[in-house]
Amino acid sequence: MPSTPAASAATPYGTLPPASAPAQRKPLSLPRLADMHARGEKITMLTAYDATFAAMADAAGVECILVGDSLGMVCQGLHSTVGVTLETMRYHTESVFRGLHRVQGTAWLIADLPFGSYHESREQALRSASVLMQAGAHMVKLEGGGWTTDTVRFLVERGIPVCAHLGLTPQTVHALGGYRVQGKGDEAAARLKREAHALQDAGAAMLVLEMVPAALAAELTGELKHCATIGIGAGRGTAGQVLVLHDMLGMNLGKMAKFVRNFMQGADGIAPAIEAYVRAVKDGSFPDDRLHAW
C-alpha cells in the first residue's frame, strides 16, 4: 500500500511532517498512569526541551515527558537551574507540545515551575502554573516539602495536576550544600517520609525522588498508594524512572552522574537508544542498584 502524502513528504531543515498516522497507544492520562502504578508496571519519563526530541521520545514509547528546568544547564549553559525564568519554561513547553501535537503524540506532558515562580504565595503558584498549562502542559512539577504542601493542595483543588519533588532539589542546591545524597540517617529519612506522605495527602499524583538512598525510596514507594514515585538516582524500587535526555544519550558536557547510563553505547541511533531505555526501565534492568544508586 503506498504511503500517504503526509507520511512521505520531505520537509526541510529536519522539521516535523504536518501530520502522522494515528498513535498505536491511547493518550496517557492520570487514570492510566494510576492504573500502571497499581499494576506495578514501571513508568518511563525523560526530559525534552524541543519539538523533535519530544516526538522521538513519544514514538519510542516514553510515557511521560518532562520539560525540566534542567534546560538551564543543558540548553542555556547555566551553572544551575536557578536562573531559568517562567517565560523560558513557557517557550520550551510550547515547543514540546507542538512537537507532540504534530505527530499525534500520546505522552503525558509535565513542566517544571522554575525557581521564584511559586515561592511567594499560592496565588503566584496558580498564575505560574496557568502559564504552563496554557502552553500545553498536562501537569506541573514543583520542588520541596513542608511549605509546598499547601501550594500543592491549592493547585490540585483548582484542577491542576501536580508532581512533587523531594531529595536533591536542584533549585535549592546552594542551601543543601551541593549535589549530595539526601535522606541519609534516621532523622533525615523520617523527615523525607513525612514530607512525602503530606504531599500525597495534599493531592500530588507523582513524586520525583532524586538522589535518595535506594532502600528508603523503595520503602516509601510501598507506602505511597496514590502517588507514583519516579526515581533519579534513587534505585530500582520506585514506580518509575526519569533521566535527562542528553545524559542518557551520552551528551553531557561535564562529568556524568553516577545514576546515569549511556544508552547510546551499543545503539545505532537516537531512537533505538531511547527504546532501549524504555525496555530497561520496564524490565527492571535499569537502574542497577550496584552501579546507579546509594
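FYI, the numbering just counts along the sequence from 1.
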(request) For Thr169 and Leu166, indicate whether the former's side chain and the latter's backbone hold a donor-acceptor pair under 3.5 Å. (result) no

(request) Say whether, by atom type as modelled, one donor and one acceptor occur between the side chain of Tyr179 and the main chain of Pro170 under 3.5 angstrom. (result) no

(request) Test Leu28 against Cys64 for side chain to side chain contact (heavy atoms under 4.5 Å, CB included), laying out the working first. (result) CA-CA 8 Å; Leu28 272 296; Cys64 300; 5.9 Å; no

(request) Kindly write out the residues that satisfy side-chain hydrogen bond (donor to acceptor under 3.5 Å, both in side chains) with Thr148, not counting sequence neighbours, or none if the list is empty. (result) none

(request) Could you list all the salt bridge (Lys or Arg N to Asp or Glu O under 4.0 Å) pairs where at least one residue sits in residues 219-230, not counting sequence neighbours? (result) Lys193-Glu219, Lys193-Glu223

(request) Mind jotting down which residue pairs meet the salt bridge (Lys or Arg N to Asp or Glu O under 4.0 Å) criterion with at least one end in residues 65-83? Sequence neighbours excluded, please. (result) none

(request) Mind checking the CD1-CD1 spacing from Ile230 to Ile43? Nearest 0.5 Å is all I need. (result) 4.5 Å

(request) Can you measure from CE (Met89) to CG (Leu71) and round to the nearest 0.5 angstrom? (result) 5.5 Å

(request) Return each pair, listed once, that meets ring pair (Phe, Tyr, Trp, His ring centres under 6.0 Å) where at least one residue sits in residues 260-279; pairs must be two or more places apart or across chains. (result) Phe263-Tyr277, Phe263-Phe286

(message) Quick check for you: to the nearest 0.5 Å, what is the distance between Met56 atom CE and Ile274 atom CD1?
(response) 5.0 Å

(request) Could you give me the CA-CA distance, side-chain angles and deciding distance for Val181 and Leu168, then say whether side chain to side chain contact (heavy atoms under 4.5 Å, CB included) is met? (result) CA-CA 7 Å; Val181 179; Leu168 174 66; over 6 Å; no

(message) What's the separation between atom CE in Met206 and atom CH2 in Trp108, rounded to the nearest 0.5 Å?
(response) 9.0 Å

(message) Using only atom types and a distance under 3.5 Å, with no angle test, would you say the side chain of His197 pairs donor to acceptor with the backbone of Arg194?
(response) no

(request) For Arg39, enumerate each residue passing the salt bridge (charged side-chain N to carboxylate O under 4.0 Å, His left out) test, keeping only those at least two apart in sequence or located in another chain. (result) Asp35, Glu41

(message) Would you say Ser285 and Asp283 are linked by a side-chain donor-acceptor pair, where the criterion is simply a distance under 3.5 Å?
(response) yes

(request) Kindly state each residue pair satisfying salt bridge (Lys or Arg N to Asp or Glu O under 4.0 Å) with at least one member in residues 107-118, sequence neighbours excluded. (result) Asp112-Lys141

(request) Give a yes or no on whether the backbone of Leu245 and the side-chain of Thr47 come within a donor-acceptor separation of less than 3.5 Å. (result) yes

(message) Once side-chain hydrogen bond (donor to acceptor under 3.5 Å, both in side chains) is applied, do any residues pair with Glu195, and if so which ones, sequence neighbours excluded?
(response) none

(message) Does Gln200 form a side chain to side chain contact (heavy atoms under 4.5 Å, CB included) with His226? I'd like the steps, not just the answer.
(response) CA-CA 7 Å; Gln200 175 184 249; His226 307 294; 3.8 Å; yes

(request) Output the distance between atom CG (Leu243) and atom CE (Met45), rounded to the nearest 0.5 Å. (result) 11.0 Å

(message) Can you list everything that forms a side-chain hydrogen bond (donor to acceptor under 3.5 Å, both in side chains) with Thr238? Sequence neighbours excluded, please.
(response) Gln241

(request) Would you please classify the geometry between the Tyr49 ring and the His92 ring as parallel, tilted or perpendicular, with 30° and 60° separating the classes? (result) perpendicular

(request) Any salt bridge (Lys or Arg N to Asp or Glu O under 4.0 Å) involving residues 243-269? Give me the pairs, sequence neighbours left out, ordered by first then second residue. (result) none

Which atom pairs, donor and acceptor, lie under 3.5 Å between side-chain atoms of residues 127-139 and protein residues at least two apart or in another chain?
from	atom 1	to	atom 2	distance (Å)
Ser128	OG	Ser117	O	2.5
Ser128	OG	Gln124	O	3.1
Ser130	OG	Leu126	O	2.7
His138	ND1	Leu109	N	2.8

(message) Determine whether a donor-acceptor pair (N or O, by modelled atom type, separation under 3.5 Å) exists between the side chain of His165 and the backbone of Val208.
(response) no

(message) Using a 3.5 Å distance criterion without hydrogens, assess whether the side chain of His37 forms a donor-acceptor pair with backbone atoms of Leu33.
(response) no

(request) Indicate the atoms forming the closest heavy-atom contact of Gly203 with Val152, along with that distance. (result) C-CG1, 4.4 Å

(message) Which residues end up grouped with Leu291 if you chain together Ile, Leu, Val, Met, Phe, Trp and Tyr wherever their side-chain heavy atoms are less than 4.5 Å apart?
(response) none

(request) Search all heavy atoms of Asp58 against all heavy atoms of Gly105 and return the closest pair with its distance. (result) OD2-CA, 3.3 Å

(message) Give me the atom names and distance for the closest heavy-atom approach of Leu199 to Gly144.
(response) CD1-O, 4.0 Å

(message) Please check: side-chain N/O of Gln76 versus main-chain N/O of Val74, any donor-acceptor pairing under 3.5 Å?
(response) no

(request) To the nearest 0.5 Å, tell me how far Ile65 CD1 sits from Thr106 OG1. (result) 8.5 Å

(request) List in chain and number order the residues that pass side-chain hydrogen bond (donor to acceptor under 3.5 Å, both in side chains) with Thr44, two or more places apart in sequence or in another chain; answer none if no residue qualifies. (result) Glu63

(message) Under a 3.5 Å distance rule, please check whether Arg122 uses its side chain to pair with a backbone N or O of Asp150 as donor and acceptor.
(response) no

(request) Using atom types as modelled and distance alone, determine if a side-chain donor or acceptor of Asp50 lies under 3.5 Å from a backbone N or O of Ser95. (result) no

(request) Test Leu192 against Leu220 for side chain to side chain contact (heavy atoms under 4.5 Å, CB included), laying out the working first. (result) CA-CA 9 Å; Leu192 191 147; Leu220 190 52; 3.6 Å; yes

(request) Examine distances only and state if a side-chain atom of Arg102 and a backbone atom of Ala51 form a donor-acceptor pair shorter than 3.5 Å. (result) no

